[in-house]
Protein chains: 2
Amino acid sequence: MKALPFVRVLTPCDRCAVRKTSLCNRVNVGLQKELAKLSHHRTYRNGETVLAEMEATSFVGIVVSGVLRMQKSLEDGRQQLVGLLFQSDFFGRVFGGLSDYAIEAASDVTLCCYERRAFERLTERFPELEHQLMLSTLNELDAARNWMLLLGCQTTPERIASFFLILCRRSGADGWTPGASLSIHVPISRRDVASYLGTTGETISRVIHEMTRKGIIKIRNASDFDVLNKRQLVTMSGRDDLAIRPPTAAHSGSASSF
Amino acid sequence: MKALPFVRVLTPCDRCAVRKTSLCNRVNVGLQKELAKLSHHRTYRNGETVLAEMEATSFVGIVVSGVLRMQKSLEDGRQQLVGLLFQSDFFGRVFGGLSDYAIEAASDVTLCCYERRAFERLTERFPELEHQLMLSTLNELDAARNWMLLLGCQTTPERIASFFLILCRRSGADGWTPGASLSIHVPISRRDVASYLGTTGETISRVIHEMTRKGIIKIRNASDFDVLNKRQLVTMSGRDDLAIRPPTAAHSGSASSF
DNA sequence: TGTCGTCTTTGTCCTGAATCAAATTGAGAT
DNA sequence: ATCTCAATTTGATTCAGGACAAAGACGACA
């Protein structure tokens, strides 16, 4: 990896909204250009399916704007949301054909896509690319196991409090400010939250109003809240680990704490 | 990657019980020798901790014999088993210091270990090694999400039936033999099964005996069963996807369907 | 500004599965 | 063989939270 002469490479990517934070900014310039050549944008409306469950993955990519949900379903229609993908997160199942879950637009979205096979060939030429993928996959795995803990042994109020804490963290509420109030936005529907937390919309509604009664939060509208008392929220969640920032920013991967 | 002259490289690894099926057999001979130089064995007794939750990962490796459990816990002591590792499975968190979960011996185990940093340096020199890791990490991620579905929206009897089906699959019960009976062995304690399935020992006991009453299984002893009626077991699990072998063996990675 | 359709909230009921407690079985040690 | 301790089973009770139903709020669109 020798030093490159200073030349400004102007591709559409330079104007990309997620350039700064996404995978493609963490690799060398040569690879960036290759990626740029391969990329194309796609847009989906809220609710549309990007890749169906058990469908062969024809492309992978990065979320430019909006939110994607990954979800699995049972024959009888029950559904579980197994992950959310935000701006600059990588999506799609590389190396191995069919994705185990559906990817759907949880809002209107714009995606920066790469044809899957071409992308995989690129990882062969550039181990660096595979390494970045590896890092974010490991983070996703940690997140998934964290969610198993939540689904497997927390009560519904605890799950909801945990979810709110994660939202706080995402809102860039750095540090620990016990007294301060913080407004957070829930970027997905009540139904999706319910499916994510393994509960029902009705129960969420009840718990949220109970939290209001206790002065932990204030409801602005169906998807915006003020957190009035973080300490209580942490107590309610039963999880000290969610009170603080991710251990070290050492995991240089993507967000995926979700 | 040029052809190598035919020389028989005899290292201790050649006698290794898991040689045929583990990661180290899926890489080229040069790398195999490097790995062999780095490896050392460790043994743990049932119940001992291999790596504690939030402890810096000093080594990674492969399970030679026995079963490891990965588990997370809440401050108040509740625990969730987030994965099991069997013979020839890779364990340990590479790239990023602390592991999010504890790794404990669920039986007496023998592990083939590599000092973590040295192993990571090897992945830099041999992208092939990182690729193999990537494949098994992706499989683990799929498995984790599959488990989220189980924990998030299946009933307890469904979970137990699903668990039994997975055990059937592991027992090498290939193909779909509706009538045949198959004996399976549960390699972990009732308590671990309960923690894995997000339920309690008592409930498991009740459900298992109910299954016996219905003629779905026969209890040999606390950890051995005969499956008498797979079709009913599948019906009970509510999951057709567990009835068949993993989609294609295309995921050339490790088992990890667990 | 009114109407429609969807999303959310509230009320009531009821069941699945956790909890607590006691009896039983089993495996290892002496 | 028998004792001991732990693991499992069985029983009784309780309640968290799911299901169903109906009312209310909100946003889209004309």
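In the text below, chain A, chain B and the rest are named by the order of the sequence lines, each starting its count at 1.
Distance CD1 (A:Ile204) to P (C:dT9): 10 Å, rounded to an integer number of Å.
For CZ of B:Arg42, the number of neighbouring non-hydrogen atoms (other residues, nucleotides, ligands) closer than 6.0 Å is greater than 12.
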Please tabulate, one pair per line, all N/O donor-acceptor pairs under 3.5 Å involving side-chain atoms of residues 211-219 of chain B, not counting sequence neighbours.
| from | atom 1 | to | atom 2 | distance (Å) |
| --- | --- | --- | --- | --- |
| B:Thr212 | OG1 | B:Ile208 | O | 3.0 |
| B:Arg213 | NE | B:Glu210 | OE1 | 3.3 |
| B:Arg213 | NH2 | B:Glu210 | OE2 | 2.9 |

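Side-chain polar atoms of A:Gln71 and A:Ser195 form no donor-acceptor pair below 3.5 angstrom.
In this pair, B:Tyr196 and B:Trp147 present their aromatic rings parallel. The plane angle is below 30°, not in the 30 to 60° band.
Using a cut-off of 4.0 Å between Lys/Arg side-chain N and Asp/Glu carboxylate O, B:Asp192 and B:Arg69 are scored as salt-bridged. Between B:Arg78 and A:Glu158 a salt bridge is recorded (basic side-chain N to carboxylate O distance below 4.0 Å).
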Filtered N/O pairs between nucleotides 1-8 of chain D and protein, under 3.5 Å:
| from | atom 1 | to | atom 2 | distance (Å) |
| --- | --- | --- | --- | --- |
| D:dT8 | OP1 | B:Arg190 | N | 3.3 |

So if I define the base as every atom that isn't primed, P, OP1 or OP2, how would nucleotides 13-30 of chain C read as a B/S/- string at a heavy-atom cutoff under 4.0 Å? ----SSBB----------

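Between B:Cys113 and B:Phe91, the closest heavy-atom pair is SG-CZ, 4.0 Å.
Remark: of the listed residues A:Leu111, A:Thr110, A:Asp108, A:Leu111 is the sole one forming a side-chain contact (heavy atoms from CB on, under 4.5 Å) with A:Tyr44.
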